[in-house]
Amino acid sequence: MTLPALTAMLGARSSWSPESLSGLVAWWDADTAGSFTFGSGVDVASWASRVGSYSLGQSTASKRPSRSATIGGRSAVQFGADDALSVASFDMGAGKKVSLWIVCAVPSGSDRILVEHSANYNSNPGGFICFRESSNSTFFSRLVAGGYYQSWQTSGTLTTIAKSFIGTIDGTLSTNQGSGWLNGDPSGTRPHTQNTSMSNRNDTLYVGARAGTSVYSAATIGEFGLSTAIFSPSEIAALNAYLAAKWSL
């Protein structure tokens with residue numbers, strides 16, 4: 001490869017950002033100071049998406065996370081024992097596809113919800129959830145119909161060392177809908193593989209807790225985003241590389 005070609009390639013890679021991902025609905029980046037409004041000190045009253053018009057918020061001062069942590073030297077949001085954010089009427093459209101990515105660290109122990117679309121996806125077909133279960137595996141799951149699920153469970157664990165997770169659910173009538181990557185590693189299983197699906201919901205999006213009232217994450221979150229498309233292999237590779245470089249994962 002010639003030097004000009006190599007320079008062009010490296011330049012293209014360094015300028016890549018999640019804004020180029022297909023079907024992007026929202027992207028929250030804790031390292032972007034201008035996306036926050038604060039209550040007292042660094043307590044987060046609202047956190048605006050870098051794309052679209054959605055803004056996560058918390059009206060109860062005692063339940064606000066704080067922009068007081070770091071991941072890889074960059075600012076991150078620290079959720080406490082009962083902190084949560086949410087945004088109402090988060091519309092994922094009429095399709096069945098959903099992709100999510102998140103950079104976070106989570107204390108070991110019980111189930112900890114990171115992102116959930118609906119107050120409790122167990123009773124809301126079309127809802128989805130990303131959580132760290134008590135075994136420390138990361139789950140990305142959708143309720144498809146009649147109490148059946150389509151899920152991906154990582155082989156690697158997520159605890160107090162920050163990692164990135166990318167998950168996709170392609171909405172097809174197959175038993176291989178869900179896929180995931182933890183720090184770029186695709187190892188995992190599909191513990192729930194029902195071959196039915198439901199359309200995406202227009203519902204409240206919760207971050208850090210179930211309905212803002214239980215199963216708190218107590219997580220440190222650097223960024224996360226949601227899309228109504230299934231990322232291509234090249235997009236997944238680019239996103240993994242971007243997250244690893246940005247957050248020193």
Side-chain angles (χ1 to χ4, degrees), residues 23-30 35-39 43-67 77-104 106 111-133 138-151 165 167-169 171 197-219 221 223-229:
L24 188 60
V25 177
W27 167 33
W28 288 274
D29 180 5
S35 64
F36 292 92
T37 59
F38 298 100
D43 289 349
V44 175
S46 66
W47 184 5
S49 170
R50 287 187 58 170
V51 299
S53 59
Y54 291 110
S55 185
L56 295 162
Q58 176 55 262
S59 59
T60 303
S62 63
K63 295 177 67 66
R64 289 171 176 164
S66 64
R67 188 174 180 257
V77 174
Q78 181 63 58
F79 287 76
D82 61 352
D83 295 340
L85 297 171
S86 65
V87 56
S89 302
F90 188 81
D91 190 0
M92 291 292 290
K96 299 180 179 181
K97 299 176 180 179
V98 57
S99 294
L100 172 149
W101 80 90
I102 188 166
V103 174
C104 62
V106 188
D111 291 353
R112 297 179 184 272
I113 290 176
L114 298 169
V115 180
E116 186 169 21
H117 194 208
S118 79
N120 186 332
Y121 97 122
N122 292 290
S123 56
N124 290 297
F128 60 82
I129 187 172
C130 180
F131 70 104
R132 207 295 314 283
E133 68 154 2
T138 310
F139 258 85
F140 187 45
S141 185
R142 152 169 272 164
L143 182 66
V144 291
Y148 297 115
Y149 304 87
Q150 179 65 237
S151 300
F165 173 74
T168 64
I169 298 172
S197 192
M198 299 292 293
S199 295
N200 291 321
R201 298 181 65 82
N202 182 341
D203 209 334
T204 301
L205 183 75
Y206 295 93
V207 179
R210 168 156 288 163
T213 62
S214 64
V215 200
Y216 295 99
S217 71
I221 296 178
E223 74 171 85
F224 69 100
L226 288 155
S227 168
T228 57

Inset, instruction - Check for a donor-acceptor pair, side chain of Arg67 on one end and backbone N or O of Val44 on the other, with a separation under 3.5 Å. - result: no
Legend entry - Residue list, side-chain hydrogen bond (donor to acceptor under 3.5 Å, both in side chains) with Ser46, at least two apart or on another chain: Thr37
Inset, instruction - Quick one: pull up CZ in Arg132 and CZ in Arg112 and give me the separation to the nearest 0.5 Å. - result: 6.0 Å
Legend entry - All ring pair (Phe, Tyr, Trp, His ring centres under 6.0 Å) counterparts of Phe38, not counting sequence neighbours: Phe36
Legend entry - salt bridge (Lys or Arg N to Asp or Glu O under 4.0 Å): pairs with one or both residues in residues 203-218, sequence neighbours excluded: Glu116-Arg210, Arg201-Asp203
Legend entry - Heavy-atom closest pair, residues Leu143 and Tyr148: CD1-O, 3.3 Å
Legend entry - Euclidean distance, Ser99 OG relative to Phe128 CZ, rounded to 0.5 Å: 10.0 Å
Inset, instruction - To the nearest 0.5 Å, tell me how far Leu205 CG sits from Leu56 CG. - result: 6.5 Å
Legend entry - Check: Phe165 and Leu100 side chains under 4.5 Å, non-hydrogen atoms: yes
Inset, instruction - State, to 0.1 Å, how close Asp111 and Val215 come at their nearest heavy-atom pair, and which atoms those are. - result: O-CG1, 3.3 Å
Inset, instruction - With sequence neighbours excluded, tell me which residues meet ring pair (Phe, Tyr, Trp, His ring centres under 6.0 Å) with Phe139. - result: Phe131
Legend entry - Donor-acceptor contact present, side-chain Ser214 to main-chain Ala211, <3.5 Å: no
Inset, instruction - Measure the shortest side-chain to side-chain distance between Asp83 and Gln58 over non-hydrogen atoms and say whether it is less than 4.5 angstrom. - result: no
Inset, instruction - Not counting sequence neighbours, which residues clear side-chain contact (heavy atoms from CB on, under 4.5 Å) with Asp29? List them please. - result: Trp27, Asp31, Thr32, Arg50, Glu223, Lys246, Trp247
Legend entry - By side-chain contact (heavy atoms from CB on, under 4.5 Å) - contacts of Lys97 (at least two apart): Ile230
Inset, instruction - Please report the shortest heavy-atom distance between Ile113 and Ser217, naming the atom on each side. - result: O-CB, 3.0 Å
Inset, instruction - Only counting residues at least two apart or in another chain, list the ones meeting side-chain contact (heavy atoms from CB on, under 4.5 Å) with Thr204. - result: Ser86, Ala88, Tyr206
Inset, instruction - Answer whether the closest heavy-atom distance between the side chains of Trp28 and Val115 falls below 4.5 Å. - result: no
Inset, instruction - Answer whether the closest heavy-atom distance between the side chains of Thr138 and Ile102 falls below 4.5 Å. - result: no
Legend entry - Whether Ser49 side chain and Val51 backbone form a donor-acceptor pair below 3.5 Å: yes
Legend entry - Which residues share a side-chain hydrogen bond (donor to acceptor under 3.5 Å, both in side chains) with Ser151, sequence neighbours left out: Ser141
Legend entry - Partners meeting ring pair (Phe, Tyr, Trp, His ring centres under 6.0 Å) with Tyr54 (sequence neighbours left out): Phe90
Legend entry - Test side-chain hydrogen bond (donor to acceptor under 3.5 Å, both in side chains) applied to Tyr149 - qualifying residues, sequence neighbours left out: Asn122
Inset, instruction - Give the minimum heavy-atom separation between Trp47 and Ala30, together with the two atoms involved. - result: CZ2-N, 3.4 Å
Legend entry - Shortest non-hydrogen separation from Asp91 to Val25 and the atoms involved: O-CG1, 4.1 Å
Legend entry - Partners meeting side-chain hydrogen bond (donor to acceptor under 3.5 Å, both in side chains) with Gln78 (sequence neighbours left out): Thr220
Inset, instruction - Drop me the distance from Arg64's CZ to Leu85's CG, to the nearest 0.5 angstrom. - result: 9.5 Å
Legend entry - Point-to-point distance, once rounded to the nearest 0.5 Å, from NZ of Lys96 to OG1 of Thr228: 14.5 Å
Legend entry - Minimum heavy-atom distance between Gly39 and Ala45, given as atom pair plus value: N-CB, 4.0 Å
